[in-house]
Amino acid sequence: MEKYHIEPYEEPDKSSDFRTEEAYLRAKKKVDALIGFYWHLAVYVVVNIFLIILIGVNSGFSGFGPYATAVFWGIGLVFHFLGVFGPNFLFNKDWEKKKIQEYMDKDREHWE
């Protein structure tokens with residue numbers, strides 16, 4: 001089974017550029033990582049709802065027992081999220097620039 005299949009480009013007479021193909025393969029790899037994360041998240045939700053209900057009904061919902069799998073698997077899911085979206089997902093450079101500009105605007109309003 002071939003994991004990455006390159007579809008033909010719209011312009012067959014144009015010479016193939018290796019940079020375009022590499023960009024396509026990088027984009028395909030990122031999309032595959034996103035799909036993998038979303039499947040991981042979906043399975044996490046379904047399985048943990050089932051386990052929490054099953055363990056909770058049989059032994060009670062009190063204590064850490066019914067939620068242990070969700071907590072530890074959730075830690076793994078967070079690392080998978082960071083691996084796919086990167087550690088700067090929430091606080092990237094654009095966010096930093098916007099916040100600096102926001103504080104500068106507030107400071108200017110304060111002194112006017």
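What you see is a predicted model; the values in this text were computed from it and never measured.
There is no path of hydrophobic side-chain contacts, each under 4.5 Å, that joins L51 to V46. In the hydrophobic cluster analysis, where Ile, Leu, Val, Met, Phe, Trp and Tyr join through side-chain heavy atoms closer than 4.5 angstrom, I55 is grouped apart from V43. With hydrophobic clusters built from ILVMFWY side chains whose heavy atoms lie under 4.5 angstrom apart, L82 does not share a cluster with V31.
A 4.5 Å side-chain heavy-atom check between T20 and Y24 finds every atom pair outside the cut-off. Under the 4.5 Å side-chain criterion, counting only non-hydrogen atoms from C-beta, I35 is in contact with W39.
Here F37 pairs with H80, F81, F85 under the ring pair (Phe, Tyr, Trp, His ring centres under 6.0 Å) rule; sequence neighbours left out. Listed by chain and number, the residues in a ring pair (Phe, Tyr, Trp, His ring centres under 6.0 Å) with F61 amount to none (sequence neighbours excluded). Under the rule for a ring pair (Phe, Tyr, Trp, His ring centres under 6.0 Å), Y67 has no partner lying at least two apart in sequence or in another chain.
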Check: residues 98-105 side-chain donor-acceptor pairs under 3.5 Å, at least two apart:
unit_1: K99; atom_1: NZ; unit_2: E102; atom_2: OE1; d: 3.4
unit_1: Q101; atom_1: NE2; unit_2: D105; atom_2: OD1; d: 3.0
unit_1: E102; atom_1: OE2; unit_2: K106; atom_2: NZ; d: 3.4
unit_1: D105; atom_1: OD1; unit_2: R108; atom_2: NH1; d: 3.4
unit_1: D105; atom_1: OD1; unit_2: R108; atom_2: NH2; d: 3.1

Distance-only criterion, 3.5 Å: show the donor-acceptor pairs between side-chain atoms of residues 69-76 and protein atoms not counting sequence neighbours.
unit_1: W73; atom_1: NE1; unit_2: H40; atom_2: NE2; d: 2.9

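A side chain to side chain donor-acceptor pair (under 3.5 Å) check over residues 45-65, counting only residues at least two apart or in different chains, returns nothing.
Of all non-hydrogen atoms in G60 and P66, the two that sit nearest each other are O-CG, 3.5 Å.
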